[in-house]
Amino acid sequence: MRFMPLLLLLVIAGMLAFSLSKKPPAPVDHNPMIGHPMTLTLLPMLGSEQQFSPQLWAGKVAVVNIFASWCEPCIAEHPLLMTIATSGKVPIFGIAWKDKPEAVTQWLAQRGNPYQAIGVDLHGQSTLQLALTGVPETFVIARDGTVAYHYNGPLTTDLVNTVILPLISHLQQENVKPR
Amino acid sequence: MSNRVSIAALLIAVCCSAAAFALPADDPLPDQAQEARARSLFYEIRCVVCAGESIADSPAGVATDMRREIRRQIAAGESDVSIKAFLTSRYGDGILMRPPLKSSTWLLWSAPIMILGLALLLARKCFRPRA
């Protein structure tokens, strides 16, 4: 009986060690829009009077990339987006998150522009709609407008080649049911 | 005597400056009651970017947007329940600082009480009057 406190300590220490050894819970990686159409407020389009909206990619398989000129990891994934864009496999649309039009224009002028069109979300109106936790994030949209895939973080060559491009090919072969 | 005064002045200055940094510069709601409701809700919502913090003090972009949206919904007449439901629909249950009591979280909630109960049971000798 006099060893009970020690035993209790060991049990609690064991439980703590077990919990601490586990990875912290993954940040939300199940975007609520998956399987549903992308909800997005109308945004001004960079360099145009037109408005940026999901209508831009209606009926097409598309990649929607959320980025910002002030975002370090966005610089890392940019060459991958350029490669995809120049391959012509799929149109890429961009949303500049909490960013100023002038800064975005300059950033793209320095690095190249992979985007068919860019929506400028100066105030973060899209944050909760898209359930963003930061930038960059990337969505793949199916022909019927539903979100087929979401990735939180900068794209990697591996991810693009083994997951995203195959998914896009698959989605492009799907027959579209007229809405 | 003047030493104590300067120390007191220094402490007061530090406390005041701490208060100035407490909340990020946001646009508060004009209605004080609504703003108070917003502030208390902020403490219940987890900042997704900064581990363990609520959105009340976080300067992160996502936290700022959440605070603005919560204020907007309060001003639009939404209840705390519906605002929290909206946030969990976007980000999952993990967005709440206090996870809801569900079958998956009963152990989380009851463990401290169970451990306390067990400890008291073992320590009951300490509560008997000494012979």
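Chain letters run A, B, ... following the sequence lines, proteins first, then strands; residues in each count from 1. These numbers come from a predicted model, not from an experiment.
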Common cluster, M82(A)/I84(A), ILVMFWY with side-chain heavy-atom separation under 4.5 Å: no
All side-chain hydrogen bond (donor to acceptor under 3.5 Å, both in side chains) counterparts of T146(A), not counting sequence neighbours: D144(A)
Inter-residue atom distance Q125(A).CD - D65(B).CG, 0.5 Å rounding: 9.5 Å
N/O donor-acceptor pair under 3.5 Å between R90(B) side chain and P32(A) backbone: no
Residue S126(A) versus chain B: region with a heavy atom under 4.5 Å: neither
Hphob cluster co-occupancy, V64(A) + M45(A), side-chain heavy atoms under 4.5 angstrom: yes
Contacting moiety of I115(B), where chain A heavy atoms sit under 4.5 Å: side chain
CD1 on I95(B) to OG1 on T133(A), rounded to 0.5 Å: 9.5 Å
Toward chain B, the part of L128(A) with a non-hydrogen atom under 4.5 Å: both
Atom of Y91(B), atom of T127(A) and distance for their closest heavy-atom approach: OH-O, 3.4 Å
Crowding at CD, Q32(B) (>12 non-hydrogen neighbours, <6.0 Å): no
Residue pairs fulfilling salt bridge (Lys or Arg N to Asp or Glu O under 4.0 Å) with at least one residue in residues 49-75 of chain A, sequence neighbours excluded: none
Non-hydrogen atoms of V62(B) and L132(A) that approach each other most closely: CG1-O, 3.7 Å
same_hphob_cluster(I75(A), V63(A)) at 4.5 Å side-chain heavy-atom cutoff: yes
